[in-house]
Structure formats: structure tokens, C-alpha cells
Asks: 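Structure provided below as C-alpha cells; questions to follow.
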Amino acid sequence: MRQTYYAIDERLCCRCGACQRICPHGALATAANGVPSIDQERCRHCGMCFRACRFGAVGRPYELYRLKDGRSHR
């Protein structure tokens, strides 16, 4: 079973806060550098932040896909 984890690419993030405002689970918080970070414990993987980002900063990197036993899927 795979679980999708979202991550924010700080190089693409314009720090507009759209992803934070749209998250229904409150899983995003602003880090010290101004880039939102995703709390994976609170994230329900709904994809709202992914769809809200106009700059493509929120993504699903392959190295963050995990199989049930913890191995990476590539």
C-alpha cells in the first residue's frame, strides 16, 4: 500500500500562503524562512494544497512515496 506525501519546494514557493489558507486540516505552518511546511501527522493527503498552488511548489516527490514496510518506491 502506498501513501502519498506532499512536500513544498522552497525554490518554487512565492510565500503567498494559498496552500495554508485552503488546508482543511491545518497541516501547514510557516517556517522561519517564510516557506510553509507540511505536518505529515496532520496531513490527510486530500491534495487541496497541491491544487491551490499556482506555482507548482507543492508536489508529490517520488522519494516520498512509501510502501507499507517502509521501503521507498521509485
Side-chain angles (χ1 to χ4, degrees):
M1 182 178 151
R2 286 191 307 213
Q3 184 78 12
T4 302
Y5 290 93
Y6 291 92
I8 298 175
D9 184 340
E10 68 179 70
R11 296 170 297 156
L12 299 175
C13 181
C14 73
R15 295 150 178 83
C16 68
C19 57
Q20 287 179 281
R21 287 190 300 276
I22 198 132
C23 181
H25 309 290
L28 287 103
T30 304
N33 62 359
V35 176
S37 62
I38 301 173
D39 179 351
Q40 298 297 340
E41 295 294 318
R42 296 185 83 176
C43 180
R44 296 294 172 252
H45 319 289
C46 66
M48 296 293 288
C49 59
F50 176 74
R51 290 188 290 276
C53 184
R54 300 177 300 167
F55 301 97
V58 180
R60 299 173 291 197
Y62 290 110
E63 61 269 17
L64 294 178
Y65 282 92
R66 300 285 180 213
L67 297 174
K68 189 174 183 180
D69 64 0
R71 292 180 297 143
S72 293
H73 174 72
R74 292 186 184 245

Asks: Might you point out which heavy atoms bring I8 and S37 nearest each other, and give the distance in Å?
Replies: CD1-N, 4.4 Å

Asks: Taking the six-membered ring for Trp, are Y6 and F50 parallel (under 30°), tilted (30 to 60°) or perpendicular (over 60°)?
Replies: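 Because their plane-to-plane angle lies in the 30° to 60° range, the rings of Y6 and F50 count as tilted.
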
Asks: How many angstroms lie between SG in C23 and CZ in R44, if you round to the nearest 0.5 Å?
Replies: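 If we round to the nearest 0.5 Å, C23:SG and R44:CZ are 10.0 Å apart.
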
Asks: Taking all non-hydrogen atoms of both residues into account, name the closest pair between P36 and C19 and its distance.
Replies: CG-SG, 3.8 Å

Asks: For C53 versus A57, what's the shortest heavy-atom pair and its separation?
Replies: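 C53 and A57 have their closest heavy atoms at SG-N, 3.2 Å.
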
Asks: What is the minimum heavy-atom distance between C49 and L28, and which atoms define it?
Replies: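 Shortest heavy-atom separation between C49 and L28 comes out as CB-CD1, 4.3 Å.
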
Asks: Report the distance from atom OG1 of T30 to atom CZ of R15, rounding to the nearest 0.5 Å.
Replies: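 T30 atom OG1 to R15 atom CZ measures 10.0 Å (nearest 0.5 Å).
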
Asks: Shortest non-hydrogen contact from G26 to R42?
Replies: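 Heavy atoms only, the tightest pair is O-NH1, 3.3 Å.
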
Asks: Starting from I22, can I reach V58 by hopping between I/L/V/M/F/W/Y residues whose side chains sit under 4.5 Å apart?
Replies: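 Cluster IDs for V58 and I22 differ.
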
Asks: Any side-chain heavy-atom pair from R21 and M48 closer than 4.5 angstrom?
Replies: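 Sidechains of M48 and R21: no contact.
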
